[in-house]
Amino acid sequence: MKHLKLIYQNTWPIRPLKKIVSLIEKARDVHFYGIGNSQFLCEISAKQLRCTDKRSHYYQHRHDMLYSIHELKAYDLIFVISMSGESESLNDVARLVKKTGATLISLTHITPNTLSEIADINLYCYAPINYIHNYDVTNRTYAMATLYRIIEKYWQYHI
């Protein structure tokens, strides 16, 4: 277990991690956008930030994401989570976010994708798209670990 903890703690270069934590600190609001099986990552992440009184939001429906965009300011931070990075509805949302001047961070699988081209900052995790009998069984464990590492570092400065 000690070795796993060491690997986990040393996986992230410190400078990008500090930059993202700094963006969270400066943001008035942090929004998490995701659809389908990535929604629970958004919900968990938003709730984990709320325990420090950081205003954070997640949305279960696309129309709520679209509505929230009208309230965004340049000092807001948005995470868009899509393992493929090719969800047209999320990419449309990301394009609208970019027009607001808010900072957009993507979290996708490690492949070239449209969402990564739109985002200001790209986070990647190992999450190859996987279907069994037309059912999405893509492993999102590394995506959650990536988000948790960011939030954990934010907690270190605010708890």
Side-chain angles (χ1 to χ4, degrees), residues 1-27 29-52 54 56-60 62 65 68 76-98 102-158:
M1 193 65 153
K2 181 180 176 183
H3 297 292
L4 289 176
K5 186 175 183 180
L6 185 63
I7 291 168
Y8 172 70
Q9 288 177 339
N10 292 322
T11 306
W12 274 75
I14 293 298
R15 196 171 297 152
L17 185 56
K18 283 187 175 181
K19 179 179 181 173
I20 293 169
V21 168
S22 175
L23 289 170
I24 293 171
E25 289 172 335
K26 292 175 185 173
D29 289 277
V30 180
H31 299 261
F32 293 88
Y33 297 156
I35 59 173
N37 290 337
S38 293
Q39 278 185 345
F40 79 94
L41 298 172
C42 298
E43 179 180 1
I44 291 168
S45 299
K47 288 179 177 180
Q48 288 175 336
L49 282 178
R50 281 187 202 150
C51 71
T52 63
K54 173 55 78 175
S56 56
H57 316 275
Y58 71 96
Y59 306 92
Q60 293 183 351
R62 184 174 182 272
M65 289 179 216
S68 74
D76 289 327
L77 180 62
I78 291 74
F79 286 84
V80 179
I81 302 167
S82 170
M83 295 306 95
S84 70
E86 297 300 339
S87 167
E88 200 55 45
S89 63
L90 278 179
N91 290 343
D92 288 344
V93 166
R95 287 183 191 97
L96 292 171
V97 166
K98 288 292 290 182
T103 301
L104 178 64
I105 299 176
S106 68
L107 174 57
T108 66
H109 174 56
I110 310 168
T111 55
N113 62 74
T114 304
L115 180 57
S116 295
E117 293 172 9
I118 298 168
D120 299 305
I121 298 171
N122 300 306
L123 298 175
Y124 297 100
C125 63
Y126 182 73
I129 306 307
N130 190 13
Y131 282 86
I132 296 176
H133 301 298
N134 292 320
Y135 193 83
D136 184 1
V137 293
T138 302
N139 186 341
R140 288 167 171 77
T141 303
Y142 296 113
M144 188 67 246
T146 300
L147 290 165
Y148 190 79
R149 182 69 176 129
I150 293 166
I151 293 166
E152 183 180 56
K153 187 58 77 173
Y154 178 78
W155 287 342
Q156 288 177 357
Y157 297 111
H158 295 91

Next on the checklist: Would T146 and L107 count as a side chain to side chain contact (heavy atoms under 4.5 Å, CB included) here? Give the steps.
Outcome noted: CA-CA 9 Å; T146 300; L107 174 57; 4.1 Å; yes
Checklist entry - side chain to side chain contact (heavy atoms under 4.5 Å, CB included) between K98 and D120: does it pass, once the steps are laid out? => result CA-CA 9 Å; K98 288 292 290 182; D120 299 305; 2.4 Å; yes
Next on the checklist: Does N122 form a side chain to side chain donor-acceptor pair (under 3.5 Å) with S106? I'd like the steps, not just the answer.
Outcome noted: CA-CA 5 Å; N122 300 306; S106 68; 2.9 Å; yes
Item to check | Candidate pair L41 and R140, rule side chain to side chain contact (heavy atoms under 4.5 Å, CB included), full reasoning | outcome: CA-CA 8 Å; L41 298 172; R140 288 167 171 77; 4.2 Å; yes
Next on the checklist: Determine whether D76 and H31 satisfy the following criterion, side chain to side chain donor-acceptor pair (under 3.5 Å), listing intermediate values before the conclusion.
Outcome noted: CA-CA 8 Å; D76 289 327; H31 299 261; 4.6 Å; no
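Taking 4.0 Å as the cut-off between side-chain N and carboxylate O, R95 and E88 count as a salt-bridged pair.
A donor-acceptor contact shorter than 3.5 Å links the side chain of K54 to the backbone of I24. Between the S45 side chain and the C42 main chain, no donor and acceptor come within less than 3.5 Å of each other. Using modelled atom types, no side-chain atom of D92 and backbone atom of L90 make a donor-acceptor pair closer than 3.5 Å.
Among residues two or more places apart in sequence or in another chain, the side chain to side chain donor-acceptor pair (under 3.5 Å) test is passed with S87 by S89. The side chain to side chain contact (heavy atoms under 4.5 Å, CB included) test applied to Y157 returns K18, V21, E25, K153, not counting sequence neighbours.
Residues D29 and L77 have side chains not in contact (no heavy-atom distance under 4.5 Å, counting atoms from C-beta outward). Within the 4.5 Å cutoff, no side-chain heavy atoms of Y131 are placed close to those of V137. Proximity of P128 to H109: side-chain heavy atoms (C-beta onward) are separated by under 4.5 Å at one or more points. Contact annotation: the side chain of E86 never approaches that of T108 to less than 4.5 Å [non-hydrogen atoms, C-beta and beyond].
Pairing each heavy atom of C125 with each of M83, the nearest pair is SG-SD, 4.2 Å. The two residues A127 and N139 make their nearest non-hydrogen contact at CB-O, 3.5 Å.
Within a 6.0 Å sphere centred on OH of Y126, heavy atoms belonging to other residues, nucleotides or ligands number 12 at most. Atom OH of Y124 is surrounded by more than 12 heavy atoms from other residues, nucleotides or ligands within 6.0 Å.
Below 30°, between 30° and 60°, or above 60°: for Y33 and Y59 the angle between ring planes is between 30° and 60°, a tilted geometry.
The distance from the CD1 atom of I150 to the CG atom of L49 is 9.5 Å, given to the nearest 0.5 Å.
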